[in-house]
Amino acid sequence: MTDPSLSFGEQAAAYERGRPSYPPEAIDWLLPRGAHTVLDLGAGTGKLTTRLVERGLDVIAVDPIPEMLEVLTQSLPETPALLGTAEEIPLADDSVDAVLVAQAWHWFDPERAVKEVSRVLRPGGRLGLVWNTRDERLGWVKDLGNIIGHENDPFTDEVSLPGPFTGLERRHVEWTNYLTPQALIDLVASRSYCITSPADVRTRTLDRVRELLATHPALVNTTGLALPYVTVCIRATLA
């Protein structure tokens with residue numbers, strides 16, 4: 001497999017069970033006023049798609065992985081779900097008011113993606129990028145990072161959107177996701193580095209997460225976990 005982003009298909013179910021959604025405040029900020037038709041590009045299993053559909057928007061989901069779209073379609077059977085990539089979006093010119101990309105822009109070829117997003121957006125349309133990053137200021141979350149790798153926020157510094165996009169803005173939203181111990185294991189299992197690791201490394205990583213759940217004072221004998229996040233948002237407008 002030459003493209004590591006395609007590895008997510010192996011763990012589509014774990015991705016859906018373990019990955020967090022996105023806070024309403026972040027979505028409010030990303031969407032332009034009056035948006036009606038929205039493309040969720042790199043939609044995966046539909047974590048963001050669901051939130052957009054709930055708002056009554058006309059949403060089109062595009063992803064390159066059939067297994068991910070299959071999970072999405074099970075929960076959102078009336079939402080168009082198309083195979084495609086950011087570099088070759090299967091939509092007509094000037095067909096959407098906004099393109100949102102959740103947890104995926106870093107997998108794209110940015111030059112080609114910007115060209116394609118510009119093509120499908122209507123004039124004055126919005127491109128919004130969003131990532132969930134774990135807030136490791138709490139002890140057990142930092143300990144989790146020692147096992148699976150620490151989160152950082154390179155995207156607010158590294159992501160730039162060239163013309164024809166203008167008015168690039170950045171925002172952080174702090175919130176908490178509540179999940180079960182098993183969902184935390186699914187979260188780790190759905191990470192690309194875990195999926196692509198040798199079987200023994202993957203097993204050892206998941207065993208260390210189980211050990212953390214069984215031994216950390218904040219986690220022992222609990223049926224629900226509070227996992228804090230900082231959601232990183234970036235938006236820009238098509239000139």
Side-chain angles (χ1 to χ4, degrees), residues 5 20-64 68-69 72 76 78-133 153-175 229-239:
S5 69
S21 184
Y22 298 89
E25 182 182 348
I27 300 172
D28 289 342
W29 187 81
L30 289 167
L31 286 171
R33 182 174 299 178
H36 183 67
T37 305
V38 180
L39 166 61
D40 185 358
L41 184 58
T45 62
K47 288 291 184 177
L48 178 61
T49 319
T50 299
R51 301 283 85 84
L52 298 172
V53 170
E54 289 172 349
R55 291 167 176 252
L57 299 168
D58 288 337
V59 185
I60 304 162
V62 170
D63 197 88
M68 302 291 265
L69 289 181
L72 184 152
L76 299 170
E78 297 183 4
T79 298
L82 309 177
L83 280 172
T85 67
E87 297 79 15
E88 295 184 16
I89 300 173
L91 296 181
D93 296 359
D94 303 329
S95 56
V96 297
D97 300 313
V99 175
L100 298 191
V101 181
Q103 222 74 21
W105 186 262
H106 53 293
W107 294 112
F108 301 165
D109 177 329
E111 183 176 348
R112 295 175 62 198
V114 163
K115 183 178 180 180
E116 272 292 88
V117 169
S118 301
R119 180 183 65 79
V120 302
L121 270 177
R122 298 183 178 114
R126 171 78 53 76
L127 171 59
L129 315 180
V130 60
W131 291 268
N132 284 320
T133 63
D153 174 16
F155 308 114
T156 54
D157 296 323
E158 293 179 4
V159 170
S160 62
L161 298 174
F165 287 99
T166 63
L168 187 143
E169 299 176 275
R170 298 175 167 88
R171 184 174 182 180
H172 287 184
V173 177
E174 296 184 10
W175 65 291
Y229 280 94
V230 177
T231 295
V232 180
C233 308
I234 299 173
R235 68 184 185 185
T237 301
L238 182 65

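Count residues from 1 along the sequence. Atom set for the values below is all heavy atoms of this structure, side chains included, hydrogens, waters and symmetry mates excluded.
Judged by distance alone, with hydrogens and angles left aside, the side-chain atoms of Glu116 form a donor-acceptor pair with the main-chain N or O of Ile89 at under 3.5 Å. Between the Ser95 side chain and the Ala92 main chain, a donor and an acceptor come within less than 3.5 Å of each other. For Asp63 (side chain) and Gly44 (main-chain N/O), a donor-acceptor pair under 3.5 Å exists by modelled atom type. Put simply, the side chain of Arg235 never gets that close to the backbone of Arg126: no donor and acceptor are under 3.5 Å apart. With hydrogens and angles ignored, the 3.5 Å screen pairs no side-chain donor or acceptor of Asn132 with any backbone N or O of Val230.
Interatomic distance, SG of Cys233 versus NE2 of His172, reported as 8.0 Å (0.5 Å rounding). Distance check, rounded to the nearest 0.5 Å: CG of Leu72 to OG1 of Thr79 gives 6.5 Å. Interatomic distance, CG of Asp40 versus OG1 of Thr49, reported as 3.5 Å (0.5 Å rounding). Once rounded to the nearest 0.5 Å, the distance linking CG of Leu82 with CG of Leu91 reads 6.5 Å. The distance from atom OG1 of Thr231 to atom CD of Glu174, rounded to the nearest 0.5 Å, is 9.5 Å. In this structure, Leu100 CG and Leu57 CG are separated by 9.0 Å, a value rounded to the nearest 0.5 Å.
Scanning both residues, Pro164 and Leu238, for their nearest heavy atoms gives CG-CD1, 3.4 Å. Listed here is the closest heavy atom pair of Leu30 and Leu129: CD2-O, 3.7 Å. Considering every non-hydrogen atom in both Val59 and Pro80, the closest pair reads O-CD, 3.3 Å. Across Leu161 and Ala236, no two heavy atoms sit closer than the pair CD1-CB, 3.7 Å. Nearest heavy atom pair, residue Ala104 against residue Gly42, reads CB-O, 4.3 Å.
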Give the C-alpha distance, both sets of side-chain angles, the deciding distance and a yes or no for side-chain contact (heavy atoms from CB on, under 4.5 Å) between Val232 and Thr133. CA-CA 7 Å; Val232 180; Thr133 63; 4.3 Å; yes

Could you walk me through whether Val114 and Phe165 pass the side-chain contact (heavy atoms from CB on, under 4.5 Å) check? CA-CA 9 Å; Val114 163; Phe165 287 99; 3.9 Å; yes

Could you give me the CA-CA distance, side-chain angles and deciding distance for Val101 and Leu127, then say whether side-chain contact (heavy atoms from CB on, under 4.5 Å) is met? CA-CA 8 Å; Val101 181; Leu127 171 59; 4.2 Å; yes

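Contact check for Val62 versus Pro90: side-chain heavy atoms found under the 4.5 Å cut-off. Using a 4.5 Å heavy-atom threshold, the side chains of Ile234 and Trp131 count as touching. Side chains of Leu52 and Leu31 form a contact here, defined as non-hydrogen atoms less than 4.5 Å apart. Side-chain contact check for Val120 versus Val99: some heavy-atom pair is nearer than 4.5 Å. The shortest side-chain heavy-atom distance between Leu69 and Leu83 falls under the 4.5 Å cut-off. Within the 4.5 Å cutoff, no side-chain heavy atoms of Lys47 are placed close to those of Gln103. At a threshold of 4.5 Å between non-hydrogen side-chain atoms, the residues Leu41 and Phe108 count as touching. Counting heavy atoms from C-beta outward, Ser21 and Arg51 have side chains that approach closer than 4.5 Å.
Under the salt bridge (Lys or Arg N to Asp or Glu O under 4.0 Å) criterion, Arg122 pairs with Asp97, sequence neighbours left out.
A salt bridge is absent between Glu87 and Lys115; no separation between the charged side-chain nitrogens and carboxylate oxygens falls under 4.0 Å. The pair Asp28-Arg55 meets the salt-bridge criterion, since a charged nitrogen lies less than 4.0 angstrom from a carboxylate oxygen.
Taking the six-membered ring where the residue is Trp, Trp175 and Tyr229 present parallel rings, their angle staying beneath 30° rather than reaching 60°.
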